[in-house]
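Down below is the structure, laid out as structure tokens.
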Amino acid sequence: MQLYNTMSRKKEEFTPVRAGKVNMYVCGITAYDYSHIGHARSAVVFDVLVRYLRYLGLDVTFIRNFTDVDDKIINRANQEGASWTDIVGKYIGAFHEDMDKLGVLRADFEPKATDHITDMITLSQALIDKGHAYSTPSGDVYFRVRSFEGYGKLSGRSLDDMQAGARIAPGEEKEDPMDFALWKAAKPGEPYWDSPWGKGRPGWHIECSAMSEKYITLPLDIHGGGLDLIFPHHENEIAQSEAALGHEFSRYWVHNGFVQVNSEKMSKSLGNFKTIRDILASYLPETLRFFLLTRQYRSPIDFSFDAMDDAEKNLKRIYQSLEAMQEALQKDKWTPAKPDAAIMDEIDKTARLWAESMEDDLNTAAALGHINNLVRLVNRVLETKGLNKSEAGREALARCSRLLKEWGVVLGIFGQEPQKFLAELKNMQISRKQIDTSKIDSLIQQRQDARAAKDFTRSDAIRDELAALGVALRDTPQGVVWELL
RNA sequence: GGCGGCAUGGCCAAGUGGUAAGGCAGAGGUCUGCAAAACCUUCACCCCCAGUUCAAAUCUGGGUGCCGCCUCCA
């Protein structure tokens, strides 16, 4: 498949270092707060990448770390009057809950920084020994950026350009203002570990270098994360790892775009910050996941409730079709007929287009378009008299059913029983729109009475009344069904 | 100031050299007592200007607008 590599700034054919085997590392969260929908996007995007690579038959080892020691965590602990370990435990737990709901698979390894202090010390010491890092009198250790020739190659900046910026204040003990910390001397009241340089804690960047090396043989095939991690985080990881290893750290660098609100980045200061929990209070997890897949992963995606409503409607339409198809396929009487070549060709063509979309840098937005086309085809078969009772129709439906199932596994959607999903969706909508169901039921009964009396004027008036409440009726052979518009 | 991204119908969004996928919304039709759902039909010359080309939304140059990174950040 083609994957966009931030390092080369173009799409490249993805070829693993070892045939058939993919080692992938994605930067996880710092566990100091509930995860927001930006975290959700990153998690979903890389989850789909893992699923797709596995679908292609590759043996993927996936690592996603937790940063569990950091200024933000310490601050949060002080705010909440809790220990930093409690904070970390709470928010890692919350992360897992959120991700499970979103259908994001657990990583094969989910290492925490504090479980690998020794590895980080070892790596830092190795960098000092090679002249790539130095310790200071107060017990900090810094990476010497000037000692690493490739510094800036990922983010496309030169040290001189960066230093021209006026906003970088030289640290007192740094040789160079751009040098970054591998180890920070402990401040009073902060967690610390013993090290050759005294009590302290690791810097942020070193954890990913140390932990990736610990779990797999470098180089990585893919290193991923949010766009904002390119600089300084990933740049620094490259410097550390490549300086220590003497060879490439990761073959492909994959970065997802942001979730925005009103075309701006989410931030606490702008007050447009949405946690996953906020959204799941009024939308099903699968709707959020579906929404996140409606744009190609590198583009920014603008979050809004209107957009969520659109995603929800589309998802509902697909599930309704899945339900109808499932029901139809349970029939055991079909009139003999040869497969309809035109329809089968159309299915094959759609399957090809779906695959091409996924092959093209994981274009899930395009892939969903093809899924919708297949759904329309399913509905057409179900509606076409004759065909919907013949073996030709059954053949087509069975094929579509298989494909949709397969694609759903890759995208992490369509995994639920349609009936169950649709019922849950209705409940979610009732609660979100604060619908008074007893009132609805009562109106429906009144309408049924009117209809029984052939008073269609009254019957239609009640329908209009219900429509004004956002309720649509369906008169089916099994009785009246209502749903939300 | 340095680096980078984006601009496609009412809204969202694919497409990156051969004359515009899909979703949501709208219009007409089939179906229905009337509806709903579904299906069919319909609805765009792609921010502006100039250039390259037989051919550009798609390449080049310029302009305008928006966004991100350079500081913790998915």
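So that the names make sense, note that chain A is the first sequence line, chain B the second, and so on, each numbered from 1.
Looking at heavy-atom distances under 4.0 Å, V259(A) makes contact with a base. G226(A) comes within 4.0 angstrom of sugar-phosphate atoms only, judged by non-hydrogen atoms across all strands, and of no base. In this structure, H36(A) reaches the bases: a heavy-atom distance under 4.0 Å links it to at least one base atom across the strands shown.
Donor-acceptor pairing under 3.5 Å is lacking for the side chains of Q296(A) and Y4(A). Inspection of the R376(A) and N373(A) side chains reveals an N or O donor paired with an N or O acceptor under 3.5 Å. In this structure, a donor-acceptor pair under 3.5 Å is present between the side chains of S155(A) and R157(A). Under 3.5 Å, the side chains of Q79(A) and N75(A) contain no donor-acceptor pair of N or O atoms. N65(A) and E207(A) form a side-chain donor-acceptor contact under 3.5 Å, judged by distance and modelled atom types alone. In this structure, a donor-acceptor pair under 3.5 Å is absent between the side chains of Q320(A) and R317(A).
A cation-pi arrangement is found for R432(A) relative to Y283(A), the charged atom lying closer than 6.0 Å to the ring centre and inside a 45° cone about the ring normal. Annotation: cation-pi geometry satisfied between K426(A) and W482(A) (NZ/CZ under 6.0 angstrom from ring centroid, within 45° of ring axis).
Between W354(A) and rA21(B) there is no side-chain N or O to OP1 or OP2 distance below 4.0 Å. Between K313(A) and rA25(B) there is a side-chain N or O to OP1 or OP2 distance below 4.0 Å.
Here the separation of rC34(B) from rU41(B), taken at their C1' atoms, is 23 Å to the nearest Å. Rounded to whole Å, the separation between the P atoms of rC24(B) and rG33(B) comes to 27 Å. rC49(B) and rA13(B) are spaced 27 Å apart, taking the C1' atom of each and rounding to whole Å. Nucleotides rA14(B) and rG22(B) are separated by 7 Å at their C1' atoms, to the nearest Å. Taking atom P in both rG10(B) and rC47(B), the straight-line distance is 13 Å, to the nearest Å. For the C1' atoms, the distance linking rC73(B) with rU58(B) amounts to 35 Å, nearest Å. Spacing between rC72(B) and rC11(B) at atom P, rounded to whole Å, works out to 39 Å. Distance check on atom P: rC46(B) versus rC59(B) gives 15 Å, rounded to whole Å.
Nucleotide rC72(B) holds its P atom 15 Å from the CD1 atom of I74(A), rounded to whole Å. In this structure, L397(A) places its CG atom 14 Å from P of rC39(B), rounding to the nearest Å. Distance, Y151(A) OH to rC70(B) P: 12 Å, rounded to whole Å. The CG-C1' distance, from D70(A) to rC72(B), rounds to 8 Å in whole Å. Look at CG on D228(A): it is 10 Å from C1' on rC72(B), rounded to the nearest Å. As a whole-Å value, the separation of L293(A) CG from rG22(B) P is 19 Å. Atom pair L102(A):CG and rA74(B):C1' shows a separation of 14 Å (rounding to whole Å applied). Atom-to-atom, CD of Q260(A) to P of rG68(B) comes out at 7 Å; the value is rounded to the nearest Å.
Across all strands shown, rA25(B) remains unpaired; no Watson-Crick or G-U wobble contact has both distances below 3.5 Å. Within the shown strands, rC59(B) is the pairing partner of rG51(B) under the Watson-Crick or G-U definition, both distances less than 3.5 Å. Base pairing analysis places rA44(B) opposite nothing; no Watson-Crick or G-U wobble pair with both distances below 3.5 Å involves it. Base pairing of rC34(B): no nucleotide in any strand meets the Watson-Crick or G-U wobble criterion (both distances under 3.5 Å). Searching all strands for a Watson-Crick or G-U wobble partner of rC3(B) with both distances below 3.5 Å returns rG68(B).
A donor-acceptor pair under 3.5 Å is formed between the side chain of E235(A) and the backbone N or O of G152(A). D108(A) places a side-chain N or O within donor-acceptor distance of the main-chain N or O of F62(A), the cut-off being under 3.5 Å. Of the possible polar contacts, one joining the E286(A) side chain to the F414(A) backbone as a donor-acceptor pair under 3.5 Å is found. A donor-acceptor pair under 3.5 Å is absent between the side-chain atoms of N314(A) and the main chain of A311(A), judged by distance alone.
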Sort me out a list of protein N/O and nucleotides 41-45 of chain B N/O pairs below 3.5 Å, or just none if empty.
none

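Nearest-nucleotide mapping onto RNA chain B: of F231(A) and N314(A), the residue sitting toward the 5' end is N314(A).
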Check your understanding: With the sugar-phosphate defined as primed atoms, P, OP1 and OP2, and the base as all remaining atoms, what B/S/- string results for nucleotides 2-15 of chain B, 5' to 3', for protein heavy atoms under 4.0 Å?
Key -> BS---------SSS

Check your understanding: In B/S/- notation, 5' to 3', how is nucleotides 28-38 of chain B contacted by protein heavy atoms closer than 4.0 Å?
Key -> -----BBBB-B

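The two residues G156(A) and R9(A) make their nearest non-hydrogen contact at N-NH2, 3.7 Å.
Taking only distance into account, the side chain of K265(A) never meets the base of rC67(B) through a donor-acceptor pair shorter than 3.5 Å.
If you look at F291(A) and F303(A), their ring centroids are closer than 6.0 Å.
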